[in-house]
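Some notes on the structure that comes next.
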Amino acid sequence: MNRLCGAMRLSRYFLPILRDTPKEAEIASHRLMLRAGMIRQEAAGIYAFLPLGFRVLQKICAIVREEQDRSGAIELLMPTIQPADLWRESGRYEAYGKEMLRIEDRHDRDMLYGPTNEEMITAIFRSYVRSYKDLPLNLYHIQWKFRDEVRPRFGLMRGREFLMKDAYSFDLDFAGARHAYNRMFVAYLRTFARLGLRSIPMVAESGPIGGNLSHEFIILADTGESEVFCHRDYLDFQVPGPDVDFDNVADLQAIVDRWTSLYAATSEKHDAAAFAALPADKQVSARGIEVGHIFYFGTKYSAPMKALVAGPDGVERPVHMGSYGIGPSRLVGAIIEASHDDAGIKWPEPVAPFRVMILNLKQGAADTDAACEQLYAALAAKGIDTLYHDVDERPGAKFATADLIGIPWQILVGPRSLAEGKVEVKRRADGTRELMSPATALARLAA
RNA sequence: CGGAGCGUAGCGCAGCCCGGUUAGCGCACCAGUCUGGGGGACUGGGGGUCGCGAGUUCAAAUCUCGCCGCUCCGACCA
């Protein structure tokens, strides 16, 4: 059974709700995650994921993983601790500066807590791959990173320790690398859409190699850290469906061409004149959160680290690489920034920690208890993630908790409606409620 | 790394300026009673190295110095 599936009684769960907001939390996502008992700060920029937050994180990772796999990438897992020598090969050991957490082991060997994995993946690649026949290859992992930010802030949005999905592509030449890039580009569009987010690829710093092969995937949110500018039509673009053929070079290129055809840039790459040339009603100037970043960097690491492959002509050459990052832990915060109200979080269903929450409005009463138990057992049997609020609290407190933690569907079971043989199904997203029989509710929520 | 601020019960805070019974309040927590559709009322309880360390003083949460931790603004960044 999928470990993410599971029904839970609140009386047996660990959900430390805070009624007051801890004073350090300034932005909505941080505030709500603390109040909803999702995370706990252990040090500046370092958080423990409590059970509710962990469930969301895992659901995000599962979707990220599915879309990476669909696009042809292959998952592995590299360690968090890396030897410094690897980084000396690329020249980044000195260059990275104080953001890198440096460690000495008991034998005085220089180690580090990985802020990223280009060096290690290149070392893995060069150990085994010698021929173009083994290409294309894209390897990814989802692993904790540490970057010793000068100023961590905004909770999970800018932590020092964070979870990152990083993928690395290997191709014989630029044409192959561009297709690899396009695969990730489309996979990212799909990933963010499935997480309930509208992402816009924006031109980003292209790195030392040049060209225009670097994009940041941005979602619009008032509390975003970056100032962004884009064409309004992006907000209505159709995201590629699950049947997209990732091996079809021309099809993928067409999708990427379309998604890069209109103006979109963060403030660093902003071209005020080009933006001003857009029709006034098409100009979107807003704040944005970076949720993904992809780039092609050619032979930047393969050349100094001698990751060479033989082409059809028998000549060895450095492999062309790209890297592609998504921050699942940041996404937890980003999704909340994009979807909440004064009462709490409004989880998009695909990432909600539970899909359904049963609220027993009169705990201890024979009729409501029995109705709740039946619903709970039936939902659990269908494998629906259900949280049963079976604690002896007043109805008002249960409503507040349910809205705070943002479960998409609430089933209100109270004596008033139960007298008519009905329960009330409330949708968190828009607050709409509907009276129906328990059987109808079951059928509806199991659909 | 520049600037500003904060550390008193699990959370939010008062007390500090002007040193002096037993450090206080709200929420939360425990026991109980009444309750029951938007964070309920009452009764009774438990919980504190006042961030840490020195110093001044008859006496320090309060004054002085040092340190640590955290937050916010800016510069920098997945």
Side-chain angles (χ1 to χ4, degrees), chain A residues 16-27 30-31 34-35 37 40-47 96-100 114-118 142-167 188 204-205 214-218 224-226 266-268 288-295 323-334 342-344 359-365 367-369 389 391-404 410-419 422-424 426 431 433 435:
Chain A
I17 298 271
L18 303 181
R19 191 152 172 179
D20 299 311
T21 305
K23 65 174 180 297
E24 70 270 15
E26 291 292 319
I27 65 168
H30 191 197
R31 205 162 55 229
L34 290 168
R35 287 200 53 216
R40 186 182 119 89
Q41 181 168 347
E42 300 298 342
I46 299 179
Y47 293 85
Y96 219 94
K98 300 188 81 169
E99 232 177 80
M100 183 152 74
T116 178
N117 285 65
E118 278 83 4
I142 299 179
Q143 178 64 288
W144 293 94
K145 303 293 188 288
F146 193 90
R147 295 184 189 177
D148 203 353
E149 296 276 346
V150 208
R151 193 184 154 205
R153 62 188 121 170
F154 303 144
L156 255 35
M157 304 288 285
R158 177 159 300 282
R160 292 193 292 170
E161 187 180 64
F162 59 97
L163 192 60
M164 181 165 157
K165 185 287 300 179
D166 38 327
Y188 276 30
E205 288 297 336
S214 180
H215 287 91
E216 289 182 15
F217 286 74
I218 302 278
E225 283 194 87
S226 345
T266 59
S267 56
E268 304 92 63
I289 300 170
E290 179 184 349
V291 289
H293 196 165
I294 62 179
F295 45 94
S323 74
Y324 316 89
I326 290 180
S329 51
R330 169 182 285 188
L331 274 167
V332 180
D342 289 345
L359 308 192
N360 187 342
L361 300 185
K362 189 169 181 180
Q363 204 71 44
D367 54 348
T368 57
D369 282 6
H389 193 143
V391 178
D392 188 9
E393 282 179 5
R394 308 268 305 186
K398 294 194 177 188
F399 293 137
T401 296
D403 287 350
L404 174 63
Q410 300 170 14
I411 307 181
L412 317 186
V413 182
R416 189 186 294 175
S417 49
L418 210 53
K422 300 274 175 73
V423 296
E424 203 166 357
K426 175 183 163 185
R433 305 154 173 244
L435 271 175

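Note that the coordinates shown come from a computational prediction; the quantities given were computed from them, not determined experimentally. Residue numbers start from 1 in every chain, and the chains themselves are labelled A, B, ... in the order their sequence lines are given, proteins ahead of strands.
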Residue whose nearest RNA chain B nucleotide is more 5′ - A:Thr21 or A:Ile326: A:Thr21
If I compare all heavy atoms of A:Gly159 with all of A:Glu149, which pair ends up nearest, and what's the gap? O-CG, 4.0 Å
Can we call the ring centroids of A:His215 and A:Phe217 under 6.0 Å apart? no
Could you tell me the Watson-Crick or G-U partner of B:rA54, where both distances fall under 3.5 Å? Say none if there is no partner. B:rU64
Can you check the A:Glu99 CD to B:rC76 P distance for me, whole Å? 13 Å
Between CZ of A:Arg394 and P of B:rG38 the distance, given in whole Å, is 9 Å
Using the C1' atom as the point on both nucleotides, what is the distance between B:rC25 and B:rC50, in whole Å? 15 Å
To the nearest angstrom, how far is A:Asp392 atom CG from B:rC34 atom C1'? 12 Å
Got a sec, which residues hit side chain to side chain donor-acceptor pair (under 3.5 Å) with A:Lys145, two or more places apart in sequence or on another chain? A:Asp166
Can you tell me how far P of B:rC34 sits from NZ of A:Lys362, to the nearest Å? 12 Å
To the nearest angstrom, the NE2-C1' distance between A:His215 and B:rA78 comes to 17 Å
Might you list the N or O atoms of the protein lying below 3.5 Å from N or O atoms in nucleotides 68-75 of chain B, with each pair's distance?
| unit_1 | atom_1 | unit_2 | atom_2 | d |
| --- | --- | --- | --- | --- |
| B:rC70 | OP1 | A:Ala44 | N | 2.8 |
| B:rC70 | O3' | A:Gln41 | NE2 | 3.2 |
| B:rU71 | OP1 | A:Gln41 | NE2 | 3.0 |
| B:rU71 | O3' | A:Glu24 | O | 3.4 |
| B:rC73 | OP2 | A:Arg151 | NH2 | 2.2 |
| B:rG74 | N7 | A:Arg151 | NH1 | 3.3 |
| B:rA75 | N6 | A:Arg153 | NH2 | 3.1 |

Assess whether one donor atom and one acceptor atom, taken from the side chain of A:Lys398 and the base of B:rG36, lie less than 3.5 Å apart. no
Can you measure A:Leu359 atom CG to B:rG36 atom P for me and round it to whole angstrom units? 18 Å
Return the set of residues passing side chain to side chain donor-acceptor pair (under 3.5 Å) with A:Glu99 (not counting sequence neighbours), or none when no residue passes. none
Spacing between A:Asp20 atom CG and B:rC13 atom C1', to the nearest angstrom: 9 Å
Write down the distance separating the P atoms in B:rC70 and B:rG24, rounded off to the nearest Å. 31 Å
Please enumerate all protein N or O atoms sitting under 3.5 Å from an N or O of nucleotides 28-33 of chain B, with distances to 0.1 Å.
| unit_1 | atom_1 | unit_2 | atom_2 | d |
| --- | --- | --- | --- | --- |
| B:rA28 | OP1 | A:Arg19 | NH1 | 3.4 |

Nearest heavy atom decides the nucleotide; on that basis, is A:Glu149 or A:Leu412 closer to the 5' end of RNA chain B? A:Leu412
Protein-nucleic acid N or O pairs under 3.5 Å, nucleotides 44-53 of chain B:
none

Report the distance from atom CZ of A:Arg35 to atom C1' of B:rC27, rounded to the nearest whole Å. 12 Å
Partner set under ring pair (Phe, Tyr, Trp, His ring centres under 6.0 Å) for A:Tyr47, not counting sequence neighbours: A:His30
